[in-house]
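Since the structure comes first, as structure tokens, the remarks are kept for the end.
From a predicted model like this one, the values you see are computed outputs, not experimental measurements. All heavy atoms count here, side chains included; hydrogens, waters and symmetry mates do not.
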Amino acid sequence: MTNNDQQNKGAFQSAFAGWKHSTTVRYLLYAVLVVMLYAGMAPKLLPETYDIAVGLPSDKEIMAPMDIPDTKATLKAQEDAAEKVGQVYTILPLRNQALVGQMLDRIFRLNQDDQVSEDDKIKIYREELPQRVKDYVQTFIMNNRNNSAYSATLFEEVTQRIDEQQYPISEETFIKIPRLTAEDINEMKTVAADIVARLTADPIVDAQTARTKVAEMVSTSSLSKRTSREVVQELARLSITANNFYDEEATKAAKVEARENTPTVYIKQGDVLVKKGEKITEEMYTLLEKNGLLKDEVDYSPQFGLILLSLLMATGLIMYIRHSEGTGRFKYNNAQFVMLLMIILITIVSMHVINLLQDEQHSYIGYLAPIATGAMLITLLLEVPLAYICSILFSVLASIILNVHQGEIFDFKFGFFALVISFASIFAIHRASQRSTLLKAGIMICLFGSFAVFSLTLLDKNDWTQTSTLYDLGFAVAGGLLTTILVIGLMPFFEVTFGILSALKLVELSNPNHPLLRKLLTETPGTYHHSVMVGNLSEAAAEAIGANGLLCRVGSYYHDIGKTKRPSYFIENQNNMENPHDFIDPKLSKSIIIAHARDGAEMQKEYKIPKPIRDIAEQHHGTTFLHYFYHKALRLAEEQGVEPDFTEEDFRYPGPKAQSKEAAVVGIADSVEAAVRSLRKPTVEQVESMIEKIIKSRLDDHQFNECDLTLRELDIIAQTLKETVMGIFHSRIEYPEEIKKSQENKQNEEKDRGQGVNGPTTGLEQ
């Protein structure tokens, strides 16, 4: 390969790697997020439109995107309901017993008048008694003319029916009435009023039906005289009239009410409106036009509203990421932003898949949606604070996508359910240390999801039934189990695709039974112990500055794995043996020492150790200088009297320098642990001075130029390392009080020796 080819390849790789931190790519990803949210909500909020014409066949099958009112079917249902409404009858409280009483009062007064002959009385009764019925009814009508309960057509019906059904009194009765005495009439009044009241208490459409019962009731009455019984019988029949009349206006009103109360007939969501290849009729075209399903009749306001909603949701998420300290690890990393978009996409798609199984009668299927999958993945792979924010986003999306009620944009039940299970899942796994934690999180989702569903069911008394409640709870539990399965299945995909080291993966790699760690322990126990100590130091320092402490710990376990190739050339493994570096050329020693970083990275690559841990092994020394072997080489050259054929650069690690805070922290901790171990009796002052010197030396050597460590963070690292070293090496470090006490004891011992307390000093104790 020529130099130009190599340069072109290098430029391409540099450009490809640069997209991860490109501002332009970040804006493109923001646009993708907006489009993704728009597309996720559009099927529920925006109906599809079609380009069709009357008389032409449809090129596709058109299905109802929602429940659509069917005007024709609704009108037919209304007419059917109106037809089923029978004639409405209204009962009038005529109180006919008062009428018969008035008649007998008139007979009583006229019979007592001796001035009127019997023939005249007969003539008066013949004319007056039938007219009294008509007058009585007309008086009732006049008194109730302004009563809104009765219509004019009803009164017309009353007058007509009373006239048609009027009872004709026999001529013989008119002859008998003038012969009645006052005692007879008084006795008759009670009996007649009672009979009429009893017979008119029930609704009467045809008076003749009630009149047939009069004879029997009179015969069982208290009247003893035949004449009295016959006259009462005739007067009662005359007084009995219909009291239940056909009400035309009420009938019309009932039909109108029946039409109004007829529920609208809907074409159900998903029903076929037009089959593929079917010719479009005028009726079909009108139906599609009325429901905004034609492209030439599109109302763009819903689209504009949905765009604004998507922009608001996406902008809110981006603003949180930009301004939150909790998302510092991927705030400017486009690769991890892509992963966030994929998690959001998976969550949206899963909700739409479940929505395909839903309808208004089976809305509880929505509880099966694995909404908490997104929250769990973000917690494990990205940041806990971001997971809480995205949970709110997912709850809004769930309330839209899983909503099956027409005329409503959001369904509060699914939004609340999504928020509860997402928060519960985050709480359950935010400190996950092993895969089994995911199963516990699934149980938490099932439990809290069931509580949420049950509480909503108890609050909604209208829809509460034992069966529906059991379905709700069952699908909520099934949704929690489905969420756990998806998370377990998706975690390896994201870890491998994006090179993400989740806490679960890191804990697995820290297992001492891992082949590389077992190799380190058995072949280089000194290096293994050193690595564990570095892990303790680096984890504490990393957590103090907000870096990934667990990554530092696990990275420390593997950072010196390359020493297993030549264990005896490293001082921590040289127990009871001579240092081989004393017998070889310092250049060779330099090569052996430097090689362990590269060898470690290659060994980890063979065992498929994730790149962030390999990077720590390769970068923890950066391009630091091997002072000892350089100066040893200078002395040898001087002793041999030759000019050095090497420079300081030849005695530096090849790098690269630390690219992350974690690699830099492990490098500092590595040097601190080795330095403390080399001190025989370290003091607090020595430890503080040594830590500051190591950090300053690396800072002056520009080892932190390629990572984003700040001076303030370096101060925090120094202080944390000091406190941690004091804790780990407590028994070895002499504190000022101990030093003072030791010096006093030594002085007293020398004084005693001088006085001969313990005999003469031989000098062997010095």
Side-chain angles (χ1 to χ4, degrees), residues 6-7 9-18 20-21 333 499 501 527 530-531 534 538 541-542 547-548 551-552 554-566 569-570 586-606 609-631 633 646-675 693-711 713-714 717:
Q6 292 178 345
Q7 290 176 357
K9 182 179 179 181
F12 174 78
Q13 292 176 342
S14 176
F16 182 76
K20 293 184 178 181
H21 304 283
N333 190 329
L501 263 180
T527 300
H530 160 72
S531 299
V534 173
S538 61
N548 191 337
L551 174 59
C552 285
V554 179
S556 298
Y557 291 168
Y558 289 88
H559 81 290
D560 275 345
I561 200 73
K563 292 182 179 180
T564 57
K565 286 198 171 184
R566 305 172 190 84
Y569 285 87
F570 299 91
K587 295 179 184 178
L588 178 59
S589 296
K590 176 264 301 182
S591 299
I592 294 172
I593 298 298
I594 286 176
H596 86 275
R598 182 185 66 254
D599 292 340
E602 291 175 354
M603 290 175 66
Q604 292 181 44
K605 193 171 185 179
E606 291 176 9
I609 301 298
K611 190 173 185 302
I613 296 179
R614 300 203 309 267
D615 288 343
I616 289 177
E618 193 172 18
Q619 300 168 12
H620 73 281
H621 282 297
T623 58
T624 53
F625 182 46
L626 296 174
H627 293 271
Y628 176 79
F629 292 111
Y630 173 73
H631 291 294
F646 53 84
T647 64
E648 288 189 6
E649 293 301 319
D650 296 327
F651 283 82
R652 283 186 177 273
Y653 280 91
K657 296 178 181 178
Q659 304 294 304
S660 65
K661 290 183 180 181
E662 288 77 12
V665 169
V666 171
I668 296 171
D670 179 50
S671 298
V672 168
E673 197 282 333
K693 186 182 296 183
I694 289 172
I695 293 177
K696 186 176 184 304
S697 173
R698 289 195 169 225
L699 183 63
D700 293 341
D701 199 22
H702 308 294
Q703 296 300 315
F704 305 132
N705 285 9
E706 298 178 18
C707 64
D708 53 353
L709 274 177
T710 65
L711 293 176
E713 288 174 334
L714 288 174
I717 291 172

Separation of [Y] [atom2] from [X] [atom1] (nearest 0.5 Å):
X      : Y      : atom1 : atom2 : answer
Ile593 : Arg566 : CD1   : CZ    : 9.5 Å
Arg614 : Met603 : CZ    : CE    : 13.5 Å
Leu699 : Asn705 : CG    : CG    : 8.0 Å
Gln703 : Ser671 : CD    : OG    : 9.5 Å
His559 : Asp615 : NE2   : CG    : 15.0 Å
Ile616 : Ser556 : CD1   : OG    : 6.5 Å

Are any non-hydrogen side-chain atoms of [X] and [Y] less than 4.5 angstrom apart?
X      : Y      : value
Glu618 : Lys611 : no
Leu551 : Ile613 : yes
Lys661 : Glu713 : yes
His621 : Ile594 : no
Asp560 : Asp670 : yes
Val666 : Gln619 : no
Asp650 : Thr647 : yes
Thr527 : Thr564 : no

Taking all heavy atoms of [X] and all of [Y], pick out the closest pair and write down the distance.
X      : Y      : result
Lys590 : Leu626 : CG-CD1, 3.6 Å
Cys552 : Ser538 : O-OG, 3.4 Å
Ala664 : Cys707 : CB-SG, 4.0 Å
Thr623 : Gly655 : CG2-CA, 3.8 Å
Ile561 : Gln604 : CG2-NE2, 3.8 Å

Task: With sequence neighbours excluded, residues passing side chain to side chain donor-acceptor pair (under 3.5 Å) with Arg598 - done: none
Open item on the list: Would Glu649 and Arg652 count as a salt bridge (Lys or Arg N to Asp or Glu O under 4.0 Å) here? Give the steps.
Closed with: CA-CA 5 Å; Glu649 293 301 319; Arg652 283 186 177 273; 3.6 Å; yes
TODO: Check for a donor-acceptor pair, side chain of Glu673 on one end and backbone N or O of Val534 on the other, with a separation under 3.5 Å.
DONE: no
Open item on the list: Run the salt bridge (charged side-chain N to carboxylate O under 4.0 Å, His left out) test against Lys696 and tell me which residues pass, sequence neighbours left out.
Closed with: Asp700
Open item on the list: Could you go through Arg698 and Asp701, starting from their C-alpha distance and side-chain angles, then the distance that decides it, and tell me whether this counts as side chain to side chain contact (heavy atoms under 4.5 Å, CB included)?
Closed with: CA-CA 5 Å; Arg698 289 195 169 225; Asp701 199 22; 5.5 Å; no
- [ ] Please state whether the rings of Phe625 and His627 are parallel, tilted or perpendicular, taking 30° and 60° as the class boundaries.
- [x] perpendicular
TODO: Assess whether side chain to side chain contact (heavy atoms under 4.5 Å, CB included) is satisfied between His702 and Lys657, documenting all intermediate values.
DONE: CA-CA 9 Å; His702 308 294; Lys657 296 178 181 178; 3.8 Å; yes
Open item on the list: Before you tell me yes or no, could you show the steps for Ile717 and Leu709 under side chain to side chain contact (heavy atoms under 4.5 Å, CB included), namely the whole-Å CA-CA distance, both residues' side-chain angles and the distance that decides it to 0.1 Å?
Closed with: CA-CA 10 Å; Ile717 291 172; Leu709 274 177; 4.0 Å; yes
- [ ] Under the ring pair (Phe, Tyr, Trp, His ring centres under 6.0 Å) rule, what do Phe651 and Phe629 come out as? Steps first, then yes or no, please.
- [x] CA-CA 8 Å; Phe651 283 82; Phe629 292 111; 7.8 Å; no
